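First comes the structure, then the notes that go with it.
Along the sequence shown, residues carry numbers from 1. In each ligand, atom 1 is the first atom listed, and ligand 1 is the first ligand listed. Just so we're clear, the structure is a prediction, and the values are computed from it rather than from any experiment.
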Amino acid sequence: MRWSEFPKWGKWAADWAARYHAGLRERPVRAQTAPGEVAAALPAHPPETAQPMDDIIADFETIVMPGITHWQHPRFFAYFPSNATPAAVLADNLITAMAPQCMLWQTSPAATEMETRMMDWLRQAVALPAEFHGVIQDSASGATLAAVLVMRERALNWRGNAEGLTGQPRLRVYASAEVHSSVDRAIWISGIGQANLVRIPVHGPRRGMGIAALEAAIEADSKAGHLPAGIIACTGGTGTGACDDVAGACAVARRHGLFTHVDAAWAGSAMICPEFRDLWAGVEGADSVVFNPHKWLGTQFDLSAHFLRSPDDLTRTLAIQPEYLKTHGADGVINYSEWSIPLGRRFRALKLWFLIRAHGLEGLRQVIRNHVTWSRDLAERLRAAPGFEIVTEPVLSLFTFRYAPPGADPDATTEALLTRINDDGHIYLTQTRVDGRYVIRFQAGQFDCTEDDIDAAYRTITETARNLEED
Ligand SMILES: *Cc1c(COP(=O)(O)O)cnc(C)c1O
């Protein structure tokens with residue numbers, strides 16, 4: 001295909017995208033594909049000669065599309081959302097057409113300077129203090145890994161990268177059992193090791209770690225000759241939306257000279273609404289905060305916002321300057337590749353610029369407020385429905401429930417209900433465990449979701465439960 005043919009296919013793709021979004025409600029949310037079905041439809045060997053675009057597109061429709069789970073479906077209530085908005089998709093198309101590699105300021109000054117400005121817009125939008133500086137990371141996992149590496153280097157007085165961990169005291173990092181698996185992986189990759197991720201038990205309705213227990217664990221480790229390095233707090237954990245007492249965790253960190261990272265991957269977007277900010281009260285005392293506009297703000301994957309109180313600590317940990325990366329004559333500029341683990345970077349800030357201008361913060365707040373309100377309403381309706389139990393109360397737009405009519409095994413019945421709902425495909429839900437109990441998660445977060453979709457969820461859940469009992 002040549003660039004001269006691009007307008008034709010580009011228009012086709014734009015029309016396709018609009019048709020796709022308009023027709024999403026007609027499709028099952030979760031792919032109804034059997035394992036191996038897509039692979040079986042793909043030729044085992046690559047073609048030696050060029051094939052016409054018409055054929056490629058026809059195969060795209062017949063082979064690929066049935067194997068897609070529709071994250072942009074208005075009745076996607078599983079996991080967390082992963083929103084694409086038309087304005088951000090348009091920005092992505094422009095970036096992709098240019099495909100600049102924005103590792104250094106001079107490799108596209110617009111990308112760097114836009115990133116600085118957009119991250120400051122976002123900082124203001126979620127009301128972090130002006131001392132925080134932001135960088136766009138590929139994922140919350142990448143941001144958390146970067147934060148854990150900073151914890152390690154600070155604790156080792158910046159000798160870890162140079163000397164490795166051999167012969168060092170055991171580094172210790174503290175978090176609750178509710179944090180995301182990306183924290184475990186950051187601990188593995190950083191060489192700190194799973195055994196040194198200290199789990200602090202959670203308590204109370206917010207399922208946050210006990211602050212006294214946190215401090216006791218740090219003191220016991222210091223006494224034992226270990227090296228406490230940092231605390232990872234979560235705001236809106238993945239299972240049930242657990243929220244640590246961020247102010248309490250930061251106060252402990254200050255007393256013991258530790259670095260604090262706050263993982264608000266999902267919930268952070270909601271902090272553009274002042275009324276939800278009590279969930280991370282005290283966040284201004286943290287050293288590092290991450291949230292994902294690619295989840296609940298509408299800048300499709302990937303775009304993770306990472307804020308640091310002291311970016312110097314981050315660049316001291318990650319920056320490396322071989323001769324070919326030095327930017328002669330442009331000192332004083334930011335090279336964002338020194339702030340993240342991959343060297344190469346896409347121009348992701350453009351998505352934020354298009355998004356925030358096209359919606360306005362007030363427009364974005366309204367979307368999130370609707371999700372929260374509708375989700376709370378649904379929790380109340382399910383609470384009143386026979387056999388249903390709300391297991392964890394709504395945190396923003398996430399709650400968990402189970403189905404346990406009298407005499408039934410609640411775990412088995414809830415699992416059977418979930419399987420039947422997802423096999424039907426009208427809505428999509430996923431599960432987690434709360435204190436060992438099997439529960440269904442519900443979260444509303446897709447931008448095109450309406451109150452009618454929530455009503456459809458209520459009907460699907462309760463009618464499927466009724467059918468389950470009749471069988
Ligand atoms: C989604 C999520 C992550 C992982 O986000 P990625 O950007 O996919 O790495 C981490 N923590 C929490 C709380 C999440 O919800």
When you look at Asp245 and Arg206, which way does the salt bridge (charged side-chain N to carboxylate O under 4.0 Å, His left out) test go after all the steps?
CA-CA 9 Å; Asp245 167 2; Arg206 282 194 174 174; over 6 Å; no

For the pair His73 and His70, name the ring-plane relationship: parallel under 30°, tilted 30 to 60°, perpendicular over 60°.
tilted

Between ligand 1 and the protein, find all N/O pairs closer than 3.5 Å and give the distance for each.
residue  : atom   : partner : partner atom : Å
ligand 1 : 5 (O)  : Asn292  : ND2          : 3.4
ligand 1 : 7 (O)  : Ala140  : N            : 2.8
ligand 1 : 7 (O)  : Asn292  : ND2          : 2.9
ligand 1 : 7 (O)  : His294  : NE2          : 3.3
ligand 1 : 9 (O)  : Ala140  : N            : 3.3
ligand 1 : 9 (O)  : Ser141  : N            : 2.9
ligand 1 : 9 (O)  : Ser141  : OG           : 2.5
ligand 1 : 11 (N) : Asp263  : OD1          : 3.3
ligand 1 : 11 (N) : Asp263  : OD2          : 2.6
ligand 1 : 15 (O) : Thr238  : OG1          : 3.4
ligand 1 : 15 (O) : Lys295  : NZ           : 2.7

Under 6.0 Å between ring centres: does that hold for Tyr79 and Trp71?
yes

Between the CZ atom in Arg117 and the CG atom in Leu122, the distance rounded to the nearest 0.5 Å is 13.0 Å

Donor-acceptor pair, Asp263 side chain versus Cys234 backbone, under 3.5 Å?
no

Pairs involving residues 178-202, ordered by first then second residue, that meet salt bridge (charged side-chain N to carboxylate O under 4.0 Å, His left out) (sequence neighbours left out):
Glu178-Arg207, Asp184-Arg199

